[in-house]
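Single-structure report; data block below.
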Protein chains: 2
Amino acid sequence: MRILVVEDDVNLNRQLAEALKEAGYVVDQAFDGEEGHYLGDGEPYDAVILDIGLPEMDGITVLEKWRGAGKAMPVLILTARDRWSDKVAGIDAGADDYVAKPFHVEEVLARIRALIRRAAGHASSEIVCGPVRLDTKASKATVDGVQLKLTSHEFRLLSYLMHHMGQAVSRTELVEHMYDQDFDRDSNTIEVFVGRLRKKIGNDLIETVRGLGYRMQPPGAAPADKSGKS
Amino acid sequence: MRILVVEDDVNLNRQLAEALKEAGYVVDQAFDGEEGHYLGDGEPYDAVILDIGLPEMDGITVLEKWRGAGKAMPVLILTARDRWSDKVAGIDAGADDYVAKPFHVEEVLARIRALIRRAAGHASSEIVCGPVRLDTKASKATVDGVQLKLTSHEFRLLSYLMHHMGQAVSRTELVEHMYDQDFDRDSNTIEVFVGRLRKKIGNDLIETVRGLGYRMQPPGAAPADKSGKS
DNA sequence: CTTCGACCACGAGAATGCGCATGAATGACT
DNA sequence: AGTCATTCATGCGCATTCTCGTGGTCGAAG
């Protein structure tokens, strides 16, 4: 999962970014409205944390521009505690949630989790697929109750697949959500990680869709194929 | 749009209900956890406003029960301003948003609007034709609920046909949409794929229109019309 | 009604290229 | 210094796709 943090306070920005990375997200940072808008417009984020008071371009404006351009990713805005009119303006501009400053970083993490979860259409903080259980709150995964030992990239891969269960996910999409801006897109890294993951969670769970990418299936979904081969 | 308000403070409950009705929603009211849970479990709401501190059954518990039973409607929880741990707990229990008391009614309305707007975005993109069901988002297709194993070209073909249901689609048109620019137009690949597809989804669904191309038809619509075309 | 030409279905073999495993090289963290 | 995660390159196996050839079906004209 890839997240953009737009916040001009350098300390706060770093603080957030570190907490998010700690929790297993990939994080891009922007320090003014201009830069934030540019990144959010060009890169595919799973969520954005956006400060309202920003140099160069106001947070609300940034948000409106994104929404106007059809960007639909969940956005969490940061406002001063006493400016409740900002919150309403922000929400009407298309924000999905807000947190008032000063805040507990923990709270922001919970909100982000909730936003990502909701964007993927899941109600609870645990996502289950057959024997695999992903705990987004604790950033852990288990198979048949046994905890998996995953590297950070393996976890991000699994997480992304499970948040998009049933969908076929392209290699490019995976790369874009598992890495930040600059990454050499021509390589077979993803395939390697898929291989490794399969070795850990069992081969049948991640299905490869030739020419398209990979797909994780909800539980009893694909029993047999009809008159094809296998 | 139908909304459930679960709040034990009679005044507050009425205040919310009136504002919501004013805004054009249909509103049901519950005044304790038990009643709230019962209604939310049995009736189809587009959104729920749920207080955390409730007699009979705690709001978090109510929410967990709903989510455990597969209810996925958006839920906005109300908490006391100083209990931020409640918010985190609530969000992790599956709440989609929260508002801290005391709040401006206007703000609650904005949130509800946002929640409903967002929930509408989760409609699955499916096209159905008789027993065949095509899910473009997941890149998969089922016949009578059984998942098909299609290669990427077969899928593209089916997809194009189903997107133009009822129309006769020429071979050239198909070629142009299934391949990029230059492709040897003198080849019978399309016929081969149509054959393969028919074998997988059943022969009656793709009708051949001699001299023109192929057509997919919802069943029973125009059973093998001999005397002309549409 | 018959015949002819064009169009279509289908099977089987051949070529293409995708995806996977593997192992070595690089980099990060302790 | 050593371990572990990550990245990259290579070659093989096989699903997929394409070509080709034969036989069948349809429609129109004589």
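What you see below is based on every heavy atom in this structure, not just the backbone, and it leaves out hydrogens, waters and symmetry mates. On a predicted model such as this, the values are computed, not experimentally measured, just so you know. Below, chains carry the letters A, B, ... as their sequence lines are ordered, and counting in each starts from 1.
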Can you tell me how far [atom2] of [N] sits from [atom1] of [X], to the nearest Å?
| X | N | atom1 | atom2 | answer |
| --- | --- | --- | --- | --- |
| A/L157 | D/dT7 | CG | P | 12 Å |
| A/R156 | D/dA5 | CZ | P | 14 Å |
| B/I190 | C/dC10 | CD1 | P | 15 Å |
| A/E154 | D/dT6 | CD | C1' | 10 Å |
| A/D180 | D/dT6 | CG | P | 14 Å |
| A/L174 | D/dT7 | CG | C1' | 17 Å |
| B/M178 | D/dT16 | CE | P | 14 Å |
| B/E207 | C/dA9 | CD | C1' | 16 Å |

Does the distance from a Lys or Arg side-chain N to an Asp or Glu carboxylate O, for [X] and [Y], drop under 4.0 Å?
| X | Y | result |
| --- | --- | --- |
| A/D96 | A/R67 | yes |
| A/K65 | A/D41 | no |
| A/D46 | A/R2 | no |

Checklist entry - What string of B, S and - do you get for nucleotides 13-21 of chain C, 5' to 3', when a contact is any protein heavy atom under 4.0 Å? => result ----BBSBB
Checklist entry - Hey, is CZ on B/R133 packed in by over 12 heavy atoms from elsewhere, all under 6.0 Å? => result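 Incorrect, the count does not exceed 12.
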Pick out the pairs of N or O atoms, protein on one side and nucleotides 28-30 of chain C on the other, that lie under 3.5 Å.
none

Next on the checklist: Checking B/K140 against B/D135 for the salt bridge (charged side-chain N to carboxylate O under 4.0 Å, His left out) test, could you report, in this order, the C-alpha distance in whole Å, the side-chain angles of both residues, the deciding distance, and whether it holds?
Outcome noted: CA-CA 5 Å; B/K140 66 185 180 188; B/D135 186 336; 5.8 Å; no
So, is [X] close to the [N] phosphate, meaning a side-chain N or O under 4.0 Å from OP1 or OP2?
| X | N | result |
| --- | --- | --- |
| A/K149 | D/dC4 | no |
| A/S187 | D/dC8 | yes |
| B/T151 | D/dA15 | no |

Checklist entry - What is the distance from atom NE2 of B/H163 to atom SG of B/C129, rounded to the nearest 0.5 Å? => result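 Reported value, rounded in 0.5 Å steps: 12.5 Å.
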Checklist entry - Sub-3.5 Å donor-acceptor pair from the side chain of A/E154 to the main-chain atoms of A/T151, do we have one? => result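 Confirmed, A/E154 side chain pairs with A/T151 backbone.
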Checklist entry - If we only count heavy atoms from C-beta on, is the A/V99 to A/L76 side-chain gap below 4.5 Å? => result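 In contact.
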Checklist entry - So, for A/H153 and A/Y179, is the gap between ring centers shorter than 6.0 Å? => result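 Centroid separation for A/H153 and A/Y179: below 6.0 Å.
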